[in-house]
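These numbers were taken from a predicted model, which means no experiment stands behind them. Residues take their numbers from the sequence shown, with the count starting at 1.
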Amino acid sequence: MFSLLLAMAGFSLVGAITPGPVNVLALRHGSQARRRVALGYVLGASASYAAVVWCMGQGAQWLVDGLPGLAPLAQWLCAAYLLWLAWQLARAPVEGCALQAAQAVPPWRAFAQGATVQVLNPKAWLVALSGVGLFVLPQGEGSGAALAWYCTVSLAACLLGVGCWAVVGRVLVRWLGTGARQRLFQRALALLLVASVLGMLA
């Protein structure tokens, strides 16, 4: 059992910490002035990913097999939403100090955004499906317990992985003291978000 948990942890951490739309936005939230906003985003994304893993374990693959046209449609809809987020990020205002303006964002809203972006992230569904196939289905009668463990490990890995990106954003706060740097940072993140979406579609 220990070796299985170790394998789950390694797989989940790699999936959670590699670049992707969720982590790019975690970097942005981490660069804002309020830590509770970044924490809300990280918690929302992590809880949402655990839910995605649970859904995949409960038979989402059966739905995709039964409706083969659903997967491409869902992928394009998710990509469109993420590209819209990139556009909003690129044109976000930086007048005065964008970091101060960010203080008005309540943590629950950041939590909701983290949860939404994760649910609409094709990478999350693919990694979850791969993990279920690797660690849950082979357990046979013990698959229920294995899924519970995999959900728990995935939650912890996501908290760590997405949290690391938020911490990196936090480190950049002092550098982002001018409007020009904030604008450059936001546009760079928007381009990184677009690149990650295009990479998923390819």
Side-chain angles (χ1 to χ4, degrees), residues 1-27 29-30 38-79 81-82 111-168 193 195-202:
M1 188 62 177
F2 179 74
S3 60
L4 178 63
L5 289 175
L6 198 59
M8 284 181 181
F11 178 86
S12 300
L13 186 57
V14 168
I17 207 167
T18 50
V22 173
N23 290 336
V24 170
L25 292 175
L27 190 66
H29 280 291
L39 179 60
Y41 178 85
V42 171
L43 289 174
S46 302
S48 181
Y49 182 65
V52 166
V53 171
W54 184 84
C55 287
M56 292 306 283
Q58 292 298 316
Q61 181 58 31
W62 173 84
L63 180 61
V64 172
D65 289 341
L67 300 170
L70 181 64
L73 176 63
Q75 185 179 35
W76 283 104
L77 288 174
C78 294
Y81 173 74
L82 293 172
F111 180 94
Q113 186 188 42
T116 302
V117 171
Q118 191 71 281
V119 166
L120 295 176
N121 180 13
K123 173 191 167 188
W125 291 91
L126 292 173
V127 172
L129 175 59
S130 301
V132 166
L134 283 171
F135 306 117
V136 177
L137 298 181
Q139 303 307 312
E141 293 183 0
S143 61
L147 178 60
W149 277 112
Y150 186 48
C151 287
T152 303
V153 168
S154 296
L155 175 63
C158 203
L159 285 168
L160 180 60
V162 180
C164 283
W165 283 78
V167 168
V168 170
L193 186 54
S196 66
V197 171
L198 294 178
M200 288 185 301
L201 292 176

So Phe11 and Tyr150, would you call those rings parallel, tilted or perpendicular, with 30° and 60° as cut-offs? tilted

Test item: Met56 and Val53 side chains (from C-beta on) under 4.5 Å apart, heavy atoms: no

Taking every non-hydrogen atom, the tightest pair across Leu5 and Trp149: CD2-CE3, 3.7 Å

Heavy-atom closest contact (Val127 atom, Tyr49 atom, distance): CG1-OH, 3.3 Å

Residue pair Ala148 / Thr152: nearest heavy atoms and the distance that separates them: O-OG1, 2.9 Å

Counterpart residues, side chain to side chain contact (heavy atoms under 4.5 Å, CB included), relative to Leu160 (two or more places apart): Leu13, Cys164

Looking at every heavy atom in both Val162 and Ala26, which two are closest together, and how far apart are they? CG1-CB, 3.6 Å

Taking all heavy atoms of Cys158 and all of Ala45, pick out the closest pair and write down the distance. SG-O, 4.1 Å

Any side-chain to backbone donor/acceptor pair from Trp165 onto Val24? Under 3.5 Å, distance only. no

Check whether Tyr41 reaches the backbone of Val22 with its side chain - one donor and one acceptor, N or O, closer than 3.5 Å. yes

First locate atom CG of Leu6, then atom CE of Met8, and finally report the distance between them rounded to the nearest 0.5 Å. 11.0 Å

Which atom names give the shortest non-hydrogen contact between Ala50 and Leu155, and what distance separates them? CB-CB, 4.1 Å

N/O donor-acceptor pair under 3.5 Å between Trp125 side chain and Val119 backbone: yes

